[in-house]
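Have a look at the structure below, then the notes.
The sequence lines fix the lettering, A, B, ..., with proteins before strands; numbering per chain opens at 1. Atoms considered below: every heavy atom in the structure, side chains included; atoms not considered: hydrogens, waters and symmetry mates.
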Amino acid sequence: MVNEIKPYEFDEIERRFQEQWRASGTFEVSEDSSRPKFYCLEMLPYPSGDIHVGHVRNYCITDVITRFKRMRGFNVLHPIGWDALGLPAENAAIKRGTHPESWTRANIAGMKAQLQRLGFSYAWSREIATCDASYYRWNQWFFLKMLERGIAYRANSPVNWCPSCLTVLANEQAEGGTCWRCHSAIEIRDMEQWFLRITDYQDALLDDMSALSAWPERVLQQQRNWVGRSAGAEVSFPVEGGEDIRIFTTRIDTIYGATFCVLAPEHPLVDSLMSGADQVAQATLRRLRGQDRRARMSGQVEKEGLFTGGFAKNPFSGERVPIWVGNFVLMGYGTGAIMAVPAHDERDFEFARKYGLRIHPVIQPPTGGLDGAIMKEAYVGPGEVTGSAGFNGLPSEVAIERMTAHAASQGFGGSKTAYRLKDWLISRQRYWGTPIPVVYCPKDGVVGVKESDLPIVLPPDAPFTGEGGNPLEKVEAFVRATCPKCGGAARRETDTMDTFVDSSWYFYRYCSPTTDDAPFDKAAVKYWFPIDLYVGGIEHAILHLVYSRFWTKVMKDLGLIDWGEPAARLFPQGMVHNNGEVMSKSKGNTIAPDDVIKRYGADTLRLYILFAAPPELSMEWSETGIEGPHRFLLRVWRLVQKHARPGRPRAHPDGSALSDTGSALRRKVHQTIARVTGDIDERIHLNTAVAALMELTNEIYRLEEGLGGMSDLPALAEGLDALVLLLSPFAPHACEQMWLDLGHVKSLVDEPWPRVDQDALREASTEVAVQVNGKIRARIMVPVGADEAAHKELALSEPSVKAQVLGKTLVKTVIVAGRLVNLVVK
RNA sequence: GCCAGAGUGGCGAAAUUGGCAGACGCAGCGGACUUAAAAUCCGCGGGUCAGGAAUGAUCGUGCGGGUUCGAUUCCCGCCUCUGGCACCA
């Protein structure tokens, strides 16, 4: 009678092992100096309501790595938490008449259940939610430290305002002029707001990248662009009867061609220069100042300007140049003033043509001379300097150095570096965020609250009407405060912090989530850091990943840690698309894992997501492809059940006793161990690791019938054990069960990862491709270890090769032993 | 415009250091089992030409060149797509 094969009841199996892992605290860890540590981190989710397969993909990657590293002997920290403050909760509260906190807590509970149903290996005792006052009090603590050091400051400046979210946004969150969250068009408003001086760290953010060799180049490049460091020079142009104009340029080599200066409409010198201007000019100036600044910054507005009536002196040529105001010059970059060199700058050229200003070439391109009167476009490349007394004949690069040195020695300029990066605007005019811990005192001004008064807790009784601004302003008991300095009546700050503050340092908190006298325990953090692998979406390349690098550098300066970068390796996983668009709640195209789990089980879902595409590329969700991994899992299941023999003694396979089939099986098993190990550990090519396991399974099916009796049985047992262990990081529940079915008694999570036996890889001969003039003509079997002469002889004795070589002269033979022979004939 | 990444069968993809292009899987086709279907198991599978077939010839990794005995891989020049930045002086 044929053995009745136990059916694969995934729902029962998965729930049983999830309960077992939970009950025995399998994935809880503590600092243990006897083992190497590994900190495996994923970006914490926003509790929007439902986990979708986009999240699942992220967490499957870290889960495989966690389980793998653990079996490799590492003490692995794999924590999870909730980025729980933020606008969607408040908007939901307004819409549904609930409180942001109850909406958030309910979502966390639901999403947590979903994650647990997927069997992820989290250290749940370290779970954090950023909306807990025990967490955000440390945001406030950090803020006070930064306030003391002048890193946090309040200033009036033009800021991005989202008219739909009713709050200001950081520069990083105004993507291409639209709100990162709701994509409404951003307005620029002048407002007094709180900033963090990230620009103090702009050079460190760039220079420390040399330590980030395991970060992908595209992320570093995006960050470089964002910081936007450009080396140049600052030069003063003396103004007739007025204050000097300081300009910034990266092309001081063109300064003899500067035929006018242009100031931004908001430049502080404009008013005095135009004090004598007529009504028409004043009206034009007012109009330029009223133009939409966002549009001006993005170049969508036609270049326009007016002559101020003033003149300056070009400090190099001595030439008298008119001073203009132009809408294309931006107050927020460089000095807000430029020297205009129309011959060598496209924008200046366009402006000069429009207003009939002089175009004077001073750079000779390699192709020949330029004539300002007939130029059709600016020449912006480098060349040889002409018409520049004292510097003629020099190439641009040399002229830049010499002219900068000259300006410095003459006292009217010097080298200067400009940056695109702006300070981080962290104020938000919304309720559901960390209250900024300061009060406004009529006598003492802006005063930070006392550390002992932290946390400043969000009042639960704010009205969520969606009207009349920040709900906190309406909570009398919250706004009324006393001044920490004088004890007099004061008004509490009602702005809250950007939620990117919360996520800038949360990964330190995981190391000691209950520490209550500091943001974290220094020793615990020292043990776990740096993060060995950080997995998350590429969309955070210049938001979270810049902010968290900045925060770590600030923490170092505060003496809390002694390193300057949080993560050794960054792995940005590809996004999941559905119907051609990124899967996200706002797009309304999310797929919840629940239905898939119901039909196929969590193990199949995990396998499918990891098999469908390499983890770093985007993948298109498709329901049909999931059949393949499911069938594979069933194939493994049946194979194991067929050979399940609880209690069977195990023996190490004896290589010399194995049949040819037995040896072939062992070879495949150990080749697979090597492949899967390398695919997971080095490359994170999890899709090819799964493919290798499918191949192994196919091979065992092919070979099992031909196994030669008792002496081959240990090889089969070894192969099945290895298959289940190698598969376990991907499909942990089914593998736990199969491990028991194979006769083991303990959970496999602590089982050592299989090791490659080099002896098993050995074989008598290998297939070698034979090419004639680079074209494959035959495949021959060559004994392992054969020398080049033997390769050549075997190749030439092959009939199909003989036919190709016949009557021709062999001019060269290329031999790659064990792989290929190439015969070059004429 | 600048920067980065990508382009391989009907589809998702693989090829780890310049060495057998298309592993593995989906969809498809053929066979076995079955009264039948599902499931399962076995097999086929880039194009063109020749052949009944095994097979052989030839083309083939976005396009055009180059280096090399040999190129999906390296170099030069284009095209297309994706992402980031963009009147940044």
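Residue A:R638 places its side chain closer to B:U40 than to any other of B:A89, B:A15, B:U40. For A:S230, counting side-chain heavy atoms from C-beta on, the closest listed nucleotide (B:A4, B:A23, B:A89) is B:A89. The nucleotide whose nearest atom lies closest to any side-chain atom of A:L330 is, among B:G12, B:A89, B:C3, B:A89. With B:C24, B:A89, B:A4 as the candidates, the nucleotide lying closest to the side chain of A:E217 is B:A4. Side-chain atoms of A:A691 lie closest to B:A23 of the nucleotides B:A23, B:A4, B:A21. With distances taken from any side-chain atom of A:N225 to the nucleotides B:A89, B:G84, B:A23, the minimum falls on B:G84. With B:C24, B:A4, B:A14 as the choices, the nucleotide that has an atom nearest any side-chain atom of A:Q221 turns out to be B:A4. Each of B:A89, B:U58, B:G84 was ranked by its minimum atom distance to the side chain of A:T249; first place goes to B:A89. Comparing atom distances between the A:T688 side chain and each of B:A57, B:G25, B:A14 picks out B:A14 as nearest.
Atom NE2 in A:H685 sits roughly 6 Å away from atom P in B:A15 (whole-Å rounding). Atom CD1 of A:I252 and atom C1' of B:A89 are 13 Å apart (whole Å). Rounded to whole angstrom, the span from the CZ atom of A:F632 across to the P atom of B:A13 amounts to 20 Å. As rounded to whole Å, 10 Å separates atom P of B:C42 from atom CD of A:E705. Taking atom CG of A:L220 as the reference point, atom P of B:G5 lies 11 Å away to the nearest angstrom. Counting to the nearest Å, the P atom of B:A86 and the CG atom of A:L421 are 12 Å from each other. To the nearest angstrom, C1' of B:A39 lies 10 Å from CG of A:L634. Whole-Å rounding puts the A:W637 CH2 to B:A39 C1' distance at 17 Å.
For B:C59, the OP1/OP2 oxygens have a side-chain nitrogen or oxygen of A:K775 closer than 4.0 Å. Of the side-chain N and O atoms in A:R631, one or more sit less than 4.0 angstrom from OP1 or OP2 of B:C26. In this model, the phosphate group of B:U17 is not approached by any side-chain N or O of A:R819 to a distance below 4.0 Å at OP1 or OP2. Remark: A:R702 is not in phosphate contact with B:C42, judged by side-chain N or O atoms under 4.0 Å from OP1 or OP2. Considering only side-chain N and O atoms, A:R635 lies under 4.0 angstrom from the phosphate OP1 or OP2 of B:C41. Under 4.0 angstrom from either OP1 or OP2 of B:C24 there lies no side-chain N or O belonging to A:N698. Contact between the side-chain N/O atoms of A:R420 and the OP1/OP2 oxygens of B:C3 is not found at any separation under 4.0 Å.
Contact annotation: the side chain of A:E695 approaches that of A:K668 to within less than 4.5 Å [non-hydrogen atoms, C-beta and beyond].
Using a 4.0 Å heavy-atom criterion, one finds that A:I776 contacts the sugar-phosphate atoms exclusively. Across all strands shown, A:P614 has heavy atoms under 4.0 Å from sugar-phosphate atoms exclusively, and none from any base. The residue A:R229 sits apart from the nucleic acid: no heavy atom pair falls under 4.0 Å.
The neighbour count for A:R289 CZ, taken as heavy atoms of other residues, nucleotides or ligands under 6.0 Å away, is above 12.
A distance below 6.0 Å separates the ring centres of A:F412 and A:F316.
Where pairing requires Watson-Crick or G-U contacts shorter than 3.5 Å, the helical stems of RNA chain B with at least three consecutive pairs are B:1-7 with B:79-85, B:10-12 with B:24-26, B:28-32 with B:40-44, B:46-50 with B:55-59, B:62-66 with B:74-78.
Checked for salt-bridge contact, A:E699 and A:R702 meet the test: a charged N lies under 4.0 Å from a carboxylate O. One finds no salt bridge joining A:R638 and A:E704 here, because no Lys/Arg side-chain nitrogen approaches an Asp/Glu carboxylate oxygen to under 4.0 Å. Salt bridge absent: A:E798 and A:R777 never bring a charged side-chain N and a carboxylate O closer than 4.0 Å. Salt-bridge annotation for A:E377 and A:R353: absent, with no side-chain N of the basic residue lying under 4.0 Å from a carboxylate O of the acidic one.
One P atom belongs to B:G66, the other to B:G60, and the distance between them is 14 Å to the nearest Å. Between B:C59 and B:A53, the two C1' atoms lie 23 Å apart (nearest whole Å). Spacing between B:G12 and B:G84 at atom P, rounded to whole Å, works out to 23 Å. Remark: the separation of the P atoms in B:A36 and B:U48 is 36 Å, to the nearest Å. Distance noted for atom P between B:G70 and B:A21: 14 Å (whole Å).
For A:A769 and A:S618, each mapped to the nucleotide of RNA chain B holding its nearest heavy atom, the one lying further toward the 5' end belongs to A:S618. Residue whose closest nucleotide on RNA chain B sits further toward the 5' end, between A:I626 and A:V329: A:I626.
Here A:Y333 pairs with nothing under the ring pair (Phe, Tyr, Trp, His ring centres under 6.0 Å) rule; sequence neighbours left out.
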Give me, pair by pair, the N or O atoms of the protein and of nucleotides 68-75 of chain B that are less than 3.5 Å apart, along with how far apart they are.
| unit_1 | atom_1 | unit_2 | atom_2 | d |
| --- | --- | --- | --- | --- |
| B:C69 | O2' | A:N822 | ND2 | 3.3 |
| B:C69 | O2 | A:N822 | ND2 | 2.3 |

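Regarding the sugar-base torsion, B:G9 falls in the syn class, its angle being within 90° of 0.
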Quiz item: side chain to side chain donor-acceptor pair (under 3.5 Å) between A:Y419 and A:D203: does it pass, once the steps are laid out?
Solution: CA-CA 9 Å; A:Y419 298 82; A:D203 284 314; 2.5 Å; yes
_ring-ring contact (aromatic ring centres under 6.0 Å, His included), that's the test. Do A:F349 and A:Y379 meet it? Break it down for me._
CA-CA 10 Å; A:F349 185 85; A:Y379 172 73; over 10 Å; no
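Atom OG in A:S765 sits 10.0 Å away from atom CG in A:L794 (nearest 0.5 Å).
A donor-acceptor pair shorter than 3.5 Å cannot be found between the side chains of A:Q221 and A:R218.
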